[in-house]
There are 2 protein chains.
Amino acid sequence: MSQPALPGLTLCNNATLRRAGRKLGRFYDDVLAPSGLKGTQYGLLYQIHIGGEPAMGAIAEALIMDLSALGHTLKPLIRDGFVETFADKDDRRVKRVRLTPQGRVKLEEAMKLWSAAQQRFEAMVGQEYAANLRAALDHVAALDFEMPAATPST
Amino acid sequence: MSQPALPGLTLCNNATLRRAGRKLGRFYDDVLAPSGLKGTQYGLLYQIHIGGEPAMGAIAEALIMDLSALGHTLKPLIRDGFVETFADKDDRRVKRVRLTPQGRVKLEEAMKLWSAAQQRFEAMVGQEYAANLRAALDHVAALDFEMPAATPST
DNA sequence: TTCAATTGGTGGCATATACCACTTTCTGGA
DNA sequence: TCCAGAAAGTGGTATATGCCACCAATTGAA
């Protein structure tokens, strides 16, 4: 299975992960295209959907993404009327997010497409293989890379 | 095994891959930071290094990335004097890429940092685990998602 | 009660990536 | 030879993400 076209770089865990991410991302994006949503947007809508009007910080934490990045990613979805934000009743600093009715419809539409992508992928690699891969990725995502506060050497 | 903090979304292969990518990417980026390079840039320099003055298309193919995306990603590296491009002798359409002397120095510097990141990661998950993960990711990257060009059947 | 520290988000800036419309070269016929 | 098509890149536009500097509420003392 080792393609001679991918020498060396294959050793870098980060590069390998990114490369696979590009490939898989394009696949999911292609399948989701009819809905007008990208894979990331679908994931974000879904996370909001199951989050129960989550605060932005909660979403960012769940997706392991920078809070400001989340803010940026959210903009097109707000602009297109799929989600809306509102201040938390008890803490004005907190901004909560929820799907609009339109957003719920869109999510449902996209979910069918997502399902197709998911099934097609799992049919190719095998459900168990996919489950194991996800488990491994979740494991990586759960790691605690505490930096030793710089190493002014070198 | 289901962490209460990551409900549902964990089922999407794409979302899981992205999430792990964000986490791992930040880790590698942090470790590489002293060199001024991002993880992706390091990977790109390395690919160019081992590619033998590769054409842009060859790099894009090896990294499974869009050709135009590669062009954009290359710009900061050219601007900072780490890589340079030149026309192919036999085919004027082809643009080849190589590291500048400065780029070689930078790559070497970054390689030490990368090595540290790589080792730290593998110490956390285990070398074998990492190797298996990379193999699985390479497998995904090698898949052929041929879209059936819509489904106007019936 | 008052103020320093903390917490939650925003905006600006830079890189990462993709797709699409072009432009320039090549290539393969007729 | 000449032209239709293919092949390789470029530029524009849009989303994805991260970091940093800020601003606005909250909180926890003193």
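Labels below follow one simple rule: chain letters A, B, ... track the order of the sequence lines, proteins then strands, and each chain is numbered from 1. Model, not experiment: these values are computed from the prediction.
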message: I want to confirm an ordering. Mapping B:D80 and A:A58 to their closest nucleotides on DNA chain C, which one lands closer to the 5' end?
response: A:A58
- prompt: Does A:D29 or A:R96 map to a spot on DNA chain C nearer the 5' end, using the closest nucleotide for each?
  reply: A:R96
query: Are B:K75 and D:dG11 close enough that a side-chain N or O sits under 4.0 Å from OP1 or OP2?
result: yes
message: At less than 4.0 Å, is any side-chain N or O atom of B:R19 found next to OP1 or OP2 of D:dT17? Yes or no.
response: no
query: Applying the 4.5 Å side-chain criterion to the ILVMFWY set and letting contacts propagate, would B:V83 and B:M111 be lumped into a single cluster?
result: yes
field: Pair B:D66 + A:R22, salt bridge at N-O below 4.0 Å
entry: no
query: B:K23 side chain to A:L143 main-chain N or O, any donor-acceptor pair under 3.5 Å?
result: yes
statement: Of A:L70 and A:D91, the one whose nearest nucleotide on DNA chain D sits closer to the 5' end is A:L70
message: Taking the nucleotide of DNA chain D with the nearest heavy atom to each, does B:S68 or A:M65 sit closer to the 5' end?
response: B:S68
- prompt: Measuring from A:R96:CZ to A:T85:OG1, what's the distance to the nearest 0.5 Å?
  reply: 12.0 Å
- prompt: Would you say D:dT27 has OP1 or OP2 under 4.0 Å from some side-chain N or O of A:R93?
  reply: no
task: Report yes if a side-chain nitrogen or oxygen of A:R26 is closer than 4.0 Å to either non-bridging phosphate oxygen (OP1 or OP2) of C:dC19; otherwise report no.
output: yes
